[in-house]
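One structure below.
A, B, ... follow the sequence lines: proteins, then strands. Residue 1 opens every chain. It should be emphasised that the depicted structure is a prediction, and the values quoted were computed from it without experimental measurement.
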Amino acid sequence: MEQPMILEVADLRVGYGKVEALHHVSLKVRAGEIVTVIGPNGAGKTTLLSAIMGLLPRRSGSVTFLGSAPGEIEVERMVAMGMTLVPEKRELFGEMSVEDNLLLGAFMRRRLGHRDDAATMAEVYGIFPRLKERREQLAGTLSGGERQMLAVGRALMAKPKLLMLDEPSLGLAPLIVREIFHVLGRLRKTGVAILLVEQNARAALQVADYGYVLETGEIALAGSSAELRDNPRVVESYLGFGGKH
Amino acid sequence: MDLQIALLLGQDGIVNGAIYALLALALVLVFAVTRVIFIPQGEFVAFGALTLASFQAGKVPGTLWLLVGMGVAIAAIEIGIALRNGTLRRLTSALGWNLAYPAVAAAVVLLGQPGSWSLALQVVLALALVVPLGPMVYRLAYQPLQSASVLVLLIVSVAVHLTLVGLGLLFFGAEGSRTPAFSDASFDWGGVMVTGQTLWVVGASAALIVVLYLFFERSLWGKALRATAINRTGARLMGISTTQAGKLSFVLAAAIGALSGILIAPITTVYYDTGFIIGLKGFVGAIVGGMASYPIAAAGAILVGLLESFSSFWASAFKEVIVFTLIIPVLIWRSLTTRHVEEEE
Ligand SMILES: Nc1ncnc2c1ncn2[C@@H]1O[C@H](COP(=O)(O)OP(=O)(O)OP(=O)(O)O)[C@@H](O)[C@H]1O
Ligand SMILES: [Mg+2]
């Protein structure tokens, strides 16, 4: 049975000043699906996620989230509807404790009248016990890996319907990368849709159902993860010499 | 100088310092959340005091008309925006606050004869008129410039300050006013007379500081304001609207300002432009705290109060000079001891 559509991006164009960073990008994410976007540095992956979230204005095209396509995308409204982004720069609240960072992850849910943040926090601590040990510590003093965990944990506090992650594996030890991707796999089973931007194409294509290859602001290739893994171009450019493993 | 005089001056210094501390906290808060250097902070002090004085004189304060006027202007803007974008959903709350609320306030002031009310109720009514002016000023002057540089926002602040001082003169005239003390009690503590109003000022300031502390440490919105101050993008990604956070910080700043004015009105004569100097002294305190640290800003402001009162004894003609000259060594000290922080975005 087809899962319901969560996100549909059609013909999206985004630019900075005179330069256009995304030209006519289209993609779809369904409930319970992990979709990955891979591509080289500067391809426009971060730009894509920022525009979907409303952090950047669009030039044209549409972003349909849960069936509604707002004329002007506002970040706060997207958050309220259930979209969450783990941004590339993480944007943690450095001078606040780990626990306060997590609590603020549930800010919108609290405002909308949900009072389940304590239970969600317990779940997040279950996923990342390290965060629980460090709950009183200031976020700015965490190690790089702990900071990534906090960024993902904070996003989970919002109980998103669509979770977007911008290179969650950046600078992490392989073991923790596996742990985070394992978490994504579990989340998918609960019906969350996931849009995953990754440099680590191998890991991304392992966990994802579907993938897009973004090159210089355009979708160069799209297909199921299995198809992409076997595509010679993908193997050569993104999976490197060890692609056959 | 004997001990008697020193204690008296110290008491004076602490009373004024407590007020400066409140204003310093408000300045730090507004700057951290919105990057606005809120020069008009002092006008809220004067408006608070003079609105209360108007009630006591049985007059209708001009701040009522300012509330009504700004409300109408904002309502017109919001209606225009809603019509252009076809988004009518948010209009109800905007119209409620900007048209209905001022209308109710006008009805109460014009028909309720607040001149005959008790002092406590008059204080509440004065706050009800003056505090909403804070978020209204934010909506009209600063919100459209949310992403402007600190310098542009500072220039806007100067303009808002001059406008409000001018309106203050228009509303309240050039004469100063004093209001009766909250309490007539006075105590003899080891030979030093401490008046009830002194205790009111110090007690209310301390209580307000504790309330603010709890707000920032415990409440969700307090944490949201801190989050916005630390990382605006991060806060937006949590669904904390920069505009809402800005508005809330202006509500708090206006409330602190108006309350400060109401507290000092029985001690000093307040003129339409008195707030500026008082605000500037709070500003010196805020600068001591680097516009970032609440406790250091408060301590700096109390220091300003003490310095002012002692210098008024030794060299009263130079008292303002001495206080404002304090900024220079403080800035030198700060620039030597703190790392240079790049301005964000
Ligand atoms: N604020 C900006 N102003 C101007 N150009 C920008 C800005 N941000 C990004 N760009 C440009 O837009 C293009 C796409 O950038 P983007 O950050 O989306 O790439 P990316 O795919 O996320 O790269 P990476 O893998 O290195 O994170 C790049 O050429 C970049 O230089
Ligand atoms: Mg990127």
Side-chain angles (χ1 to χ4, degrees), chain A residues 46 49-50 52-57 70-97 99-112 114-115 117 138-140 147 150-151 154-155 157-160 163-166, chain B residues 28-29 31-33 80-90 93 143 146-147 213-248 289-296 338-339 341-342 344-345:
Chain A
T46 299
L49 295 191
S50 304
I52 294 173
M53 194 75 218
L55 287 171
L56 282 176
E72 191 189 341
I73 309 177
E74 283 169 41
V75 181
E76 297 80 21
R77 174 124 187 271
M78 295 318 246
V79 174
M81 287 175 69
M83 186 188 278
T84 300
L85 170 65
V86 178
E88 192 172 31
K89 294 182 190 152
R90 307 305 174 231
E91 316 284 10
L92 297 174
F93 306 118
E95 289 113 83
M96 296 174 85
S97 69
E99 189 141 305
D100 278 349
N101 270 268
L102 290 176
L103 188 77
L104 285 165
F107 175 83
M108 188 48 95
R109 278 186 74 75
R110 286 271 295 259
R111 269 204 70 192
L112 295 174
H114 300 281
R115 286 287 177 274
D117 45 293
L138 297 186
R147 237 175 276 179
L150 180 54
R154 188 180 65 169
M157 289 296 294
K159 294 206 160 184
L163 176 62
M164 304 195 289
L165 304 106
D166 199 342
Chain B
V28 171
L29 165 67
F31 182 72
V33 175
I81 291 175
L83 288 180
R84 197 185 63 202
N85 298 346
T87 51
L88 295 165
R89 65 198 157 87
R90 274 181 228 157
S93 118
Q143 188 182 318
Q146 234 166 49
S147 44
Y213 174 81
L214 291 176
F215 171 72
F216 284 116
E217 287 296 318
R218 301 283 159 80
S219 77
L220 187 66
W221 267 106
K223 287 177 184 177
L225 280 189
R226 277 167 62 206
T228 304
I230 295 170
N231 185 330
R232 198 161 281 126
T233 307
R236 288 185 70 199
L237 287 173
M238 307 298 104
I240 303 165
S241 138
T242 310
T243 308
Q244 292 261 306
K247 238 175 233 171
L248 181 56
M291 293 301 274
S293 161
Y294 294 93
I296 300 179
T338 47
R339 293 171 285 125
V341 187
E342 298 282 330
E344 266 181 80
E345 288 163 78

Part of A:R77 within contact of chain B (heavy atom distance under 4.5 Å): side chain

Relative to chain B, which segment of A:R90 carries a heavy atom at a distance below 4.5 Å: side chain, backbone, both, or neither?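 For A:R90, neither part sits under 4.5 Å from chain B.
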
Using 0.5 Å steps for rounding, measure from the CE atom of A:M96 to the CG atom of B:N231.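 Here the rounded value is 11.0 Å.
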
Neighbour count above 12 (heavy atom, 6.0 Å) for B:Y213 OH: no

How about B:R218: does its CZ atom have over 12 heavy atoms from other parts shown lying under 6.0 Å from it?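 No, CZ of B:R218 has 12 or fewer neighbouring heavy atoms, counting only those of other groups under 6.0 Å.
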
Looking at A:D100, A:V86, A:L103, A:N101, which one has more heavy-atom pairs under 4.5 Å with chain B than the rest?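 Most heavy-atom pairs within the cutoff with chain B belong to A:D100.
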
Could you tell me whether the side chains of B:Q146 and B:T243 share a donor-acceptor contact shorter than 3.5 Å?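 Yes, a side-chain donor-acceptor pair sits under 3.5 Å.
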
